[in-house]
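Data block below; observations after.
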Amino acid sequence: MTSKRILIKNGCVLTLDKSVGNFHQADLLIEGTKISAVGPNLSASDAGVIDAADMIVMPGFIDTHRHVWEGILRNIGTDVPLEGEVSYLSMILNTLAPAYRPEDAHIGNLIGLYSAIDAGITTLLDWSNIQATREHGDAVINALQESGMRAVFAYGYPWWKNPDEHQEAWIRDIAKQCFSTKDQLLTFALAVQGPEFTSFEETKAQWELARELDARITVHVGVGSAGKQGKLGQMGKAGLLKNDTTYIHCTTLSDDEIQMIVDTGGTVSLSSMAEMIMGYGMPSIQRLLNHGLRPSLSVDAETNVPNDMFTQMRSVNSLQHAMIFDRKLAGKRNLPPFMNSRDVIECATIEGARANGLLHKTGTLTPGKEADFIMLRTDSPNILPVNDPIGAVVWGMDTSNVDSVFVAGKALKRNGKLLNVDLDNLRRMAYKSRDYVMTKSGFRLPEI
Ligand SMILES: [Zn+2]
């Protein structure tokens, strides 16, 4: 039996794979879950044809760190910083999160995941620090499966209480029950609390557990004042840093600590919007680039910031330029190079795939990789005429241009509409869950 074939015809194709190239006009042939060919004038007589004229076809965006359960808490703390008397930590993690039942985590996740698909994100790492019971794990994993996305389920310890003796058993159980193979849309990682938020011994034990289970590690480091204590350096000196770890933020790490990440092959996730608005410290983009490290990008917290990668790309690119121009205006010389649109689109795709441990499967439109791609409309008034396709994606487009989204050859969005989701029901469930969490926690929504 031959697998189903789809021919995406006459699009502007950005493979982002230098060995394949980008094309002003070309076709993409999908066979089953994989890309089988890219190039001009492909023919496949038995394939279903999708017209991509007036479209840019490119790899789906990849988000490497988002607390997806917060979907029902969207924009609830836009003026609230990370630390302080009323803060993200006190309000979201210590007041609202403990009120979540498994069904609230489920609907929070669904809301976050469908909006990610809608925005052209095909792979997302769910930093799921809502794991209060074993059932919370199943609820979140079910939502990830239901969405159809490619995702990394990063099991996260709840932050409002100390890890108890159950956590390790639940983690082992989930790894065994749901992640016995890596040949599926969902893969497994451990979202560890990290040395800035728990003891060295606890951190070491969590990292060793991840490695025993062959799971990648994702960890917040260099976070505000907590990041200034040299804790990551202690981990490095103890030989615990390896190439299986993604370091989130890195804002207040020392240069020596950043070099340790480079030397051990680690990857980085920058959430520059959240870092700037919430007070994590100055985003580390230039310091990372100085050390030869290109970051992936991430949304982080929908409680505070927008949930699409267009915003992330523009935010990090503008910031890097502002920092260099500022030095130039101050008379400094021998300045580092500017990031360009191509650099930043690669951070939102290729570097995301690398940080999620999935570069062999996704991140570029390379024959043999999984068919995770998006089609972006170029005939909309906000973008025509397209003079530079990469510049248009990075600087001109927004989520309204996302026409189609495919993961592993399967359409999740077509003609600007999400597929396989009952939006009316989703909306009802979101408000119901949101109201439950507010009542249970005693939290009052902001006055207007
Ligand atoms: Zn985070």
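Below, all heavy atoms of this structure are taken into account, side chains as well, without hydrogens, waters or symmetry copies. Whatever order the structure lists them in is the order used to number ligands and atoms, beginning at 1.
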Task: Of the N, O or S atoms in H65, the one nearest the Zn ion (ligand 1) - done: NE2
- [ ] Tell me which N, O or S atom of D300 sits nearest to the Zn ion (ligand 1).
- [x] OD1
Open item on the list: Restricting to N, O or S, what is the name of the atom of H220 that lies nearest the Zn ion (ligand 1)?
Closed with: NE2
Task: Side-chain touch R66/E302, heavy atoms, less than 4.5 angstrom - done: yes
TODO: Decide whether H106 and H136 meet the rule of one side-chain donor and one side-chain acceptor closer than 3.5 Å.
DONE: no
Task: Option among E70, R74, R434 that satisfies the side-chain contact (heavy atoms from CB on, under 4.5 Å) test with I111 - done: R74
- [ ] Would you tell me whether T33 and E370 have side-chain atoms, one donor and one acceptor, within less than 3.5 Å of each other?
- [x] yes
